[in-house]
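So you know, we letter chains A, B, ... as the sequences are listed, proteins then strands, and number each from 1. Small disclaimer: the values here were computed from a predicted structure and weren't measured.
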Protein chains: 2
Amino acid sequence: MEKQTVLSALAALAQETRLDVFRVLVQAGPQGLAAGAIGAALDIPSATLSFHLKELKSSGLVRCERRGRWRIYSPDFSAVGQLMDFLTANCCQGVDSCDLGSKGDC
Amino acid sequence: MEKQTVLSALAALAQETRLDVFRVLVQAGPQGLAAGAIGAALDIPSATLSFHLKELKSSGLVRCERRGRWRIYSPDFSAVGQLMDFLTANCCQGVDSCDLGSKGDC
DNA sequence: TCGATATCTTTATAATATTGGAAATATGGA
DNA sequence: TCCATATTTCCAATATTATAAAGATATCGA
């Protein structure tokens with residue numbers, strides 16, 4: 001994962017409304033949710049929601065598929081994993097005895 | 001992990017200079033680095049670095065220990081793990097057959 | 001096929017927040 | 001005291017946010 005991609009994903013999630021939106025999508029699972037359903041769940045004006053969905057989409061954390069008059073958004077779970085991998089890459093100068101807390105190894 | 005803590009950690013990492021600083025610390029490992037060493041590694045003015053270290057510290061991603069005239073910064077690896085756990089919590093409405101990409105389960 | 005309605009996005013703008021870095025300030029050690 | 005190390009204060013430049021208003025696009029019924 002590129003550094004700019006990582007920065008973009010982190011920036012996308014580092015905002016309360018977007019973090020809420022992403023978590024609603026995570027809970028909904030791969031089947032996704034229409035924009036309106038997200039807005040209803042979180043009580044967000046449609047223009048505001050659309051702005052944030054665009055950010056999540058362009059960061060690669062969320063996909064969008066058009067279905068009839070709905071746009072269905074769903075999370076890209078693998079992006080979250082890649083994010084973590086980037087953050088802990090090359091840790092501890094390669095020494096394998098270092099303590100990474102809950103991660104266990106490096 | 002509280003939502004505000006998560007937001008704070010994400011915001012701390014969603015900035016190129018701070019992401020660079022954090023990664024340098026991750027690579028250095030638990031023994032940590034003095035502010036000056038970080039600044040030298042990344043060629044950052046001291047005032048700028050100090051500002052960003054303060055952000056990383058207050059987000060809980062980085063610890064600081066005073067040793068003589070130096071301040072030694074080190075990463076909190078477990079915080080990264082907790083971040084991930086938060087992002088994928090309660091995914092897919094508890095259905096265990098959902099595909100979480102590289103994470104494997106939910 | 002035409003307009004009414006539903007769903008969602010784009011544009012524009014004002015309010016707010018973040019960033020980098022010079023200068024001044026603290027703190028520890030010789 | 002004087003130097004080395006690091007932080008704090010300040011400010012202008014830049015970026016982000018929320019939302020109203022207007023603009024797309026899709027469906028449906030007459």
Side-chain angles (χ1 to χ4, degrees), chain A residues 3-25 28 31-76, chain B residues 3-25 28 31-76:
Chain A
K3 186 162 89 170
Q4 289 309 315
T5 309
V6 169
L7 279 168
S8 169
L10 289 167
L13 292 172
Q15 207 278 333
E16 186 158 18
T17 303
R18 283 194 297 265
L19 184 59
D20 289 340
V21 168
F22 186 75
R23 297 241 297 155
V24 163
L25 289 175
Q31 71 191 57
L33 283 178
I38 303 169
L42 297 173
D43 195 26
I44 304 172
S46 66
T48 302
L49 177 61
S50 200
F51 168 77
H52 289 300
L53 282 171
K54 190 177 171 184
E55 295 291 304
L56 286 167
K57 214 172 17 174
S58 82
S59 76
L61 286 165
V62 155
R63 283 183 296 256
C64 179
E65 172 201 355
R66 189 151 201 162
R67 204 176 309 165
R69 77 179 71 171
W70 291 274
R71 305 217 185 170
I72 309 295
Y73 290 88
S74 56
D76 183 339
Chain B
K3 185 162 87 168
Q4 289 308 316
T5 308
V6 169
L7 280 168
S8 169
L10 289 167
L13 291 172
Q15 206 279 331
E16 185 158 19
T17 303
R18 283 193 297 265
L19 184 59
D20 289 341
V21 168
F22 186 75
R23 298 241 296 156
V24 163
L25 289 175
Q31 71 191 57
L33 283 178
I38 303 168
L42 297 173
D43 195 26
I44 303 172
S46 65
T48 302
L49 176 60
S50 199
F51 168 77
H52 289 301
L53 282 171
K54 189 176 172 184
E55 296 291 305
L56 285 167
K57 214 172 17 176
S58 81
S59 77
L61 286 165
V62 156
R63 284 182 295 254
C64 179
E65 172 200 356
R66 188 150 202 162
R67 204 176 307 165
R69 80 178 67 173
W70 290 275
R71 307 218 183 166
I72 307 297
Y73 291 87
S74 56
D76 183 339

Practice task
Look at the side-chain N and O atoms of A/Thr17 and state whether any lies under 4.0 Å from the OP1 or OP2 oxygen of D/dA18.
Solution key: yes
Practice task
Write down the distance between CD1 (B/Ile44) and P (D/dT5), rounded to a whole number of angstrom.
Solution key: 17 Å
Practice task
Name the closest nucleotide to the B/Ala35 side chain, picking from C/dG20, D/dT7, D/dT17.
Solution key: D/dT7
Handout entry: Spacing of A/His52 atom NE2 relative to C/dT9 atom P, expressed in whole Å
Key = 13 Å
Practice task
Would you indicate which nucleotide in C/dT9, C/dG20, D/dA6 comes nearest to any side-chain atom of B/Ala34?
Solution key: D/dA6
Practice task
Grab the two heavy atoms, one from B/Ala12 and one from B/Leu56, that are nearest each other, plus how far apart they are.
Solution key: CB-CD2, 4.0 Å
Problem - Nucleotide nearest B/Arg69 when distance is taken to its side chain, options D/dA4, C/dA6, C/dT9 - result: D/dA4
Practice task
Figure out the CD/P separation between B/Gln15 and C/dT18, and round it to whole Å.
Solution key: 11 Å
Exercise for the section: Please check the phosphate of D/dT19 (OP1 and OP2 only) for any side-chain N or O of A/Thr48 closer than 4.0 Å. Expected result: yes
Exercise for the section: For D/dT7, take OP1 and OP2 only and decide whether either is under 4.0 Å from a side-chain N or O of B/Ser50. Expected result: yes
Handout entry: Closest approach of B/Ser58 to B/Ser8 (non-hydrogen atoms, all atoms of both residues)
Key = O-OG, 4.2 Å
Exercise for the section: Indicate whether OP1 or OP2 belonging to D/dT17 is found under 4.0 Å from a side-chain N or O atom of A/Arg18. Expected result: yes
Handout entry: B/Glu65 CD to C/dG28 P, straight-line distance once rounded to whole Å
Key = 15 Å
Handout entry: Atom-to-atom span, CD of B/Glu16 to C1' of D/dT14 - whole angstrom
Key = 15 Å
Exercise for the section: Using the closest heavy atom to pick a nucleotide of DNA chain D for each, name whichever of A/Glu55 or A/Trp70 lands nearer the 5' end. Expected result: A/Glu55
Practice task
Taking B/Arg18 for its side chain and B/Leu53 for its backbone only, find out whether a donor-acceptor pair lies under 3.5 Å.
Solution key: no
Problem - Atom-to-atom span, CG of B/Leu7 to P of D/dT17 - whole angstrom - result: 11 Å
Practice task
For A/Ala47, answer base if it contacts any base atom (sugar-phosphate contacts may also be present), sugar-phosphate if it contacts only those atoms, and nothing otherwise; contact means non-hydrogen atoms under 4.0 Å.
Solution key: base
Handout entry: Residue whose nearest DNA chain C nucleotide is more 5′ - B/Arg66 or A/Lys54
Key = A/Lys54
Practice task
Tell me what B/Arg67 touches on the nucleic acid: a base, only sugar-phosphate, or nothing, going by heavy atoms under 4.0 Å.
Solution key: nothing
Exercise for the section: Choose from D/dT27, D/dT19, D/dA6 the nucleotide whose nearest atom is closest to any side-chain atom of B/Tyr73. Expected result: D/dA6
Exercise for the section: State which residue, out of B/Leu25, B/Leu19, B/Val24, fulfils the side-chain contact (heavy atoms from CB on, under 4.5 Å) condition with B/Val21. Expected result: B/Leu25
Problem - Salt-bridge criterion met for B/Glu65 and B/Arg67 (N-O under 4.0 Å) - result: yes
Practice task
Figure out the NZ/P separation between B/Lys57 and D/dA6, and round it to whole Å.
Solution key: 12 Å
Practice task
To the nearest Å, give me how far apart CG (A/Leu49) and P (C/dT9) are.
Solution key: 7 Å
